[in-house]
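Reviewing the structure listed below.
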Amino acid sequence: MEYNFRDTEKYWQKYWADNQTFRAENNSEKPKYYVLDMFPYPSGAGLHVGHPLGYIASDIYARYKRLNGFNVLHPMGYDSFGLPAEQYAIQTGQHPAITTDANIKRYREQLDKIGFSFNWDREVRTSDPSYYKWTQWIFIQLFNAWYNPAIGKAEHIDKLIQKFNSENTEHLVNGKSKKWNELNENEQSDVLMNYRIAYLGEAYVNWCPALGTVLANDEVKDGVSERGGYPVERKLMKQWSMRITAYADRLLNDLETIDWSDSIKEAQRNWIGKSEGASLEFCIQNSEDKIEVFTTRPDTVFGISFLTLAPEHELAEKITTQDKKAEVDAYIAKAKNRSERERQAEVNTVSGVFTGSYAIHPFTGAPVPVWIGDYVLAGYGTGAVMAVPAHDERDYRFASFYQLPKPQVITPDVEHDFSKSSWDEKQGTLINSSFLDGLTVKDAIKKCIDEIEKRKLGKGKINYRLRDAVFGRQRYWGEPIPVYYKNGIANAIPENQLPLHLPAVDKFLPTEEGEPPLARSEKWFWNETKQSVDTSGYPIETTTMPGWAGSSWYYLRYMDAHNHNVFASADALKYWKNVDLYIGGSEHATGHLLYVRFWTKALKDLGYLQIDEPAQKLINQGMIQGRSSLVYRIKNTNRFVSYGLKDQYETTPVHVDVNFVVNDELDTEAFKAWRDDFKTAEFQLEGGKFICGNEIEKMSKSKHNVVTPDDIVEKYGADCLRMYEMFLGPLEQSKPWNTNGIAGVSGFIRKLWKLYHSNESFNISEDEPSKAEWKTLHKTIKKVQDDIEKFSFNTSVSSFMICVNELTDLKCNKRAILEPLAIILSPYAPHIAEELWKLCGHNTSVSKAQFPQYNDAYLVEEDFEYPVSVNGKTRFKINLPLQISKEEIEKRVLAAEEMQKWTNGSNPKKVIVVPGRIVNVVI
RNA sequence: GCGCAUGUGGCGUAAUUGGUAGCCGCACCAGACUUAGGAUCUGGCGGGGAAACCCGUGGGGGUUCGAGUCCCUCCAUGCGCACCA
């Protein structure tokens with residue numbers, strides 16, 4: 001009886017769904033375990049074999065944990081707001097909700113075929129109003145919160161207002177200092193915006209004209225948008241933002257408490273970019289203004305040659321002298337107009353202009369020329385630097401170009417030619433530096449900060465590269481920001497009126513005035529009397545939230561997905577705590593994974609959570625690349641030559657659909673039928689075959705190398721797909737997909753089935769297994785258990801193969817062996833495991849069984865075949881009992897016949913005996 | 001430029017964590033059964049050599065009785081950051 005995977009898999013998938021086999025309970029005596037996958041954006045292209053890789057791994061782990069008595073939360077959902085559905089809507093007029101639903105349906109079908117043990121009753125969709133209601137609610141909590149540095153956490157904004165009221169604090173409003181109770185309502189609101197965690201602020205943002213929206217820093221790669229690859233410009237805009245910078249230090253420090261890969265942690269540290277130094281103020285000659293600079297090298301303060309301001313610096317135009325005005329204006333205008341990409345491309349070209357003004361050196365009183373240069377970034381530090389050309393490469397380049405002096409203040413311990421380059425190392429001895437002379441760099445930094453603080457010229461300071469995250473998008477398909485403007489003051493929509501539904505619009509495009517699509521709705525005003533959206537009243541915010549809003553807290557919603565009163569009940573939050581195992585791609589290193597940590601911390605500060613981190617352990621699965629097949633066409637003909645012959649002709653490679661190729665051999669008939677222009681194709685074979693070339697590249701439609709899980713499941717079954725995906729290699733490694741190898745796993749499944757069958761029917765024996773059979777089973781249990789716990793899924797697949805090979809050789813059909821085998825296999829190949837379990841006579845799911853305990857007693861050996869090395873090289877083997885002493889082993893090895901050839905009768909210098917391992921004889 | 005990974009047969013990989021390098025598969029070769037084989041089974045399969053043996057984990061060096069594994073150095077590939085003062 002051949003194994004019929006099609007019917008069997010269908011049967012068990014239905015059984016699991018009907019019986020809610022994998023339902024997780026919020027009230028359970030069992031210990032909890034939370035296994036989460038990064039939920040997908042449901043794109044129109046559907047899943048290819050790369051997508052389920054992480055889901056299969058997490059599913060194996062979830063099933064394994066269930067077998068070990070855990071109450072496992074293993075949910076799935078959809079990150080269903082996003083740009084592609086909206087771009088499609090713009091082109092077709094189709095509402096994004098419709099395309100999104102269709103895509104989700106397709107995803108669900110594809111996922112269901114693979115046999116995942118997801119808790120589908122907890123599914124979430126970020127675009128569902130019952131979900132985004134709570135995304136909006138969280139936004140309001142963050143809007144009503146500020147970060148109190150005194151207690152190192154966020155608290156309600158009322159506490160800050162109280163403080164302002166009681167202390168009647170001074171605030172800088174429109175350049176003037178005023179007392180809190182002298183401020184009008186608008187001014188107070190403006191002041192509070194400087195503190196709120198979700199705030200409306202003016203900042204330089206990444207504006208993408210092609211997408212018609214702003215982008216967060218992590219959505220911009222190499223000066224172009226990550227989605228679509230459109231150019232991005234810098235633009236000063238008033239935008240909703242998230243004060244993630246307030247959490248910079250905690251985001252950095254808490255990395256040490258979580259079990260994430262070094263590369264992700266390193267990427268986050270990099271992105272946060274903490275640097276310690278000092279701020280220093282410079283007075284300007286003939287001006288009341290002061291320039292504040294940030295430096296990590298206060299020790300080089302006596303080496304200052306000039307100051308440089310970013311072109312966007314607020315004083316850049318102000319301090320420019322009359323005679324320089326034209327030149328400076330032109331320079332600033334040019335610098336501002338350059339796109340992000342141009343700016344990055346020109347990193348090594350120096351450009352700048354002198355303002356004509358001089359600052360005063362805070363220690364020496366000497367005049368210091370003030371320049372403007374675009375090598376100084378407006379967004380970092382204060383947008384102004386003290387230039388020390390002798391000890392900073394960038395200043396050195398600038399000084400060389402404009403022939404400015406480069407005073408040296410450090411003598412390096414090694415030879416260094418200052419006429420060729422700067423000495424940037426934090427190493428050497430200070431010279432020409434007044435009170436710092438003779439100190440090492442390290443000591444001088446400390447001493448100088450002390451001195452700066454003592455003289456009140458500035459203070460020690462820590463700066464971060466991390467920017468606040470822009471939170472508004474000028475797009476339709478996202479969560480509406482629940483804010484309306486009453487006389488220009490931002491007010492949150494009352495929480496009990498949420499969700500604020502996305503309004504209907506006629507087109508998904510900006511208005512003629514350039515307002516976001518939401519402004520097209522005539523019914524987009526807040527009526528305070530009616531407490532609802534209306535055609536008149538106070539205007540509602542028209543930008544929507546970015547893609548990362550919904551994904552920054554979805555792991556919490558799964559805990560209590562249908563709660564109408566809170567985002568998740570306190571009980572559910574208390575029981576599930578945080579994610580124990582989180583699996584997803586490393587492309588979210590600095591985006592999602594920072595935001596979700598940030599929101600977790602903020603919600604904790606505000607008293608809603610007990611946890612500091614969303615996920616204790618994180619694994620990044622590798623990318624599965626495509627393996628493209630290529631055929632070679634002789635130039636200007638319709639004649640194709642086999643791979644081995646291509647160098648004899650002038651050919652152009654053509655991508656061919658990988659579905660026409662088996663073991664690199666092309667099905668020429670299928671190829672001819674593929675496209676009209678290949679109908680008349682001729683082939684030059686080698687050895688009677690037409691062989692294709694191949695290339696490893698990204699899996700994509702245009703390369704015709706996409707393999708879908710559906711096709712594999714159809715042909716080989718879900719269990720086979722699951723095992724083969726794991727068999728490909730270590731989970732975290734990127735590797736190419738090659739359907740060829742699947743025959744091995746497919747054969748394994750057939751062989752497994754045969755173990756339980758003889759004479760065409762199910763047949764297992766109740767006899768006591770032999771020693772060898774017990775050994776095979778227990779060695780496999782041990783190995784598979786170790787492997788799963790190390791997330792080394794590829795190696796357990798190979799242990800299963802070894803196990804089945806050995807049991808086949810032993811002709812084993814004993815129940816005592818085959819039943820436990822079905823259990824340990826069930827996380828990997830759940831369908832066939834269920835079927836075999838049922839055939840063994842059980843009427844409950846194998847997922848309710850217990851993972852068998854391995855017994856070392858079965859693994860004990862009496863003898864061991866010792867490899868004997870001579871001078872470190874293995875020369876022969878000798879079988880010895882394991883319980884004999886080291887001395888006895890040495891004696892018997894030296895007496896062995898094969899040994900004489902190497903010792904030549906003389907005594908060896910040394911003999912190393914590692915019992916149970918190896919013997920090494922040194923001659 | 002800085003940081004993080006990775007480098008083992010024709011290919012995907014494995015190696016008890018310092019102890020027999022190449023497990024398990026794919027591909028390939030030979031054989032059996034068969035009208036047939038993209039089915040199944042048996043055997044072979046790192047390179048050189050009749051063999052004895054020699055060489056071999058990106059290159060070079062080191063530590064060690066013993067190194068794919070540890071240390072130093074260089075090279076290559078991939079990813080991330082990048083004028084961050």
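All chains are named by letter (A, B, ...) in the order of the sequence lines, taking the proteins before the strands, and each is independently numbered beginning at 1.
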Check whether any side-chain nitrogen or oxygen of [X] sits under 4.0 Å from OP1 or OP2 of [N], and answer yes or no.
{"X": "R917(A)", "N": "U20(B)", "answer": "no"}
{"X": "Y375(A)", "N": "A85(B)", "answer": "no"}
{"X": "S734(A)", "N": "C79(B)", "answer": "no"}

>> I need the residues from residues 619-627 of chain A with at least one non-hydrogen atom less than 4.0 Å from RNA chain B; give them sorted by number, or say none.
In response: none
> Got a sec? Which of residues 302-313 of chain A come in under 4.0 Å of RNA chain B, heavy atoms?
Replying inline: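 Residues of residues 302-313 of chain A that come under 4.0 Å of RNA chain B do not exist, since none gets that close.
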What side-chain donor-acceptor pairs closer than 3.5 Å can you find for residues 790-798 of chain A, not counting sequence neighbours?
{"unit_1": "S792(A)", "atom_1": "OG", "unit_2": "T795(A)", "atom_2": "OG1", "d": "2.6"}
{"unit_1": "T795(A)", "atom_1": "OG1", "unit_2": "D787(A)", "atom_2": "OD1", "d": "3.3"}
{"unit_1": "T795(A)", "atom_1": "OG1", "unit_2": "D787(A)", "atom_2": "OD2", "d": "3.0"}
{"unit_1": "T795(A)", "atom_1": "OG1", "unit_2": "S792(A)", "atom_2": "O", "d": "2.9"}
{"unit_1": "S796(A)", "atom_1": "OG", "unit_2": "F793(A)", "atom_2": "O", "d": "3.3"}
{"unit_1": "S796(A)", "atom_1": "OG", "unit_2": "Y828(A)", "atom_2": "OH", "d": "2.4"}
{"unit_1": "S798(A)", "atom_1": "OG", "unit_2": "T795(A)", "atom_2": "O", "d": "3.4"}

>> I need a per-nucleotide contact map over nucleotides 3-10 of chain B, read 5' to 3'. Cutoff is protein heavy atoms under 4.0 Å; write B for the base, S for backbone only, - otherwise.
In response: SSS-----
Give me, pair by pair, the N or O atoms of the protein and of nucleotides 45-47 of chain B that are less than 3.5 Å apart, along with how far apart they are.
none

At a cut-off of 3.5 Å, list every protein nitrogen or oxygen paired with a nitrogen or oxygen from nucleotides 25-34 of chain B, distance to 0.1 Å.
{"unit_1": "G25(B)", "atom_1": "OP1", "unit_2": "N805(A)", "atom_2": "ND2", "d": "2.5"}

> Is the backbone N or O of I410(A) less than 3.5 Å from a side-chain atom of H391(A), with the two atoms forming a donor-acceptor pair by type?
Replying inline: yes
Distance-only donor-acceptor hits, side chain of residues 911-923 of chain A, under 3.5 Å, sequence neighbours excluded:
{"unit_1": "N920(A)", "atom_1": "OD1", "unit_2": "G872(A)", "atom_2": "N", "d": "3.1"}

Distances for protein N or O near nucleotides 61-66 of chain B N or O, under 3.5 Å:
{"unit_1": "C65(B)", "atom_1": "O2'", "unit_2": "N920(A)", "atom_2": "ND2", "d": "3.1"}
{"unit_1": "C65(B)", "atom_1": "O2", "unit_2": "N920(A)", "atom_2": "ND2", "d": "2.6"}

> So which pairs with a foot in residues 263-273 of chain A pass side chain to side chain donor-acceptor pair (under 3.5 Å), sequence neighbours left out?
Replying inline: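 Of all non-adjacent pairs touching residues 263-273 of chain A, those that pass side chain to side chain donor-acceptor pair (under 3.5 Å) are S261(A)-S263(A), E266(A)-R269(A), Q268(A)-R597(A).
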> Tell me the side chain to side chain donor-acceptor pair (under 3.5 Å) pairs involving residues 864-875 of chain A, sequence neighbours left out?
Replying inline: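 Every candidate side chain to side chain donor-acceptor pair (under 3.5 Å) pair involving residues 864-875 of chain A fails, so no pair, neighbours aside, qualifies.
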> With a 4.0 Å cut-off on heavy atoms, is S869(A) in touch with a base, just the backbone sugar-phosphate, or nothing at all?
Replying inline: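 S869(A): no heavy atom of the nucleic acid under 4.0 Å.
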>> Counting the atoms with a prime plus P, OP1 and OP2 as sugar-phosphate, which does R397(A) contact under 4.0 Å by heavy atoms, base, sugar-phosphate, or nothing?
In response: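 Base contact.
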>> Nearest whole Å is fine: how far is C81(B) P from L594(A) CG?
In response: 12 Å
>> For RNA chain B, please output the secondary structure as dot-bracket, reading 5' to 3'. Pairs are Watson-Crick or G-U wobble, both atom distances under 3.5 Å; mark crossing pairs with [ ], other-strand partners with |, unpaired with a dot.
In response: (((((((..(((......[....))).(((((.......))))).(((....)))..(((((..]....))))))))))))....
What nitrogen or oxygen pairs link the protein and nucleotides 53-59 of chain B at under 3.5 Å?
{"unit_1": "C53(B)", "atom_1": "OP1", "unit_2": "K901(A)", "atom_2": "NZ", "d": "2.3"}
{"unit_1": "C54(B)", "atom_1": "OP1", "unit_2": "R875(A)", "atom_2": "NH2", "d": "3.3"}
{"unit_1": "C54(B)", "atom_1": "OP2", "unit_2": "R875(A)", "atom_2": "NH1", "d": "2.9"}
{"unit_1": "C55(B)", "atom_1": "OP2", "unit_2": "K873(A)", "atom_2": "NZ", "d": "2.9"}

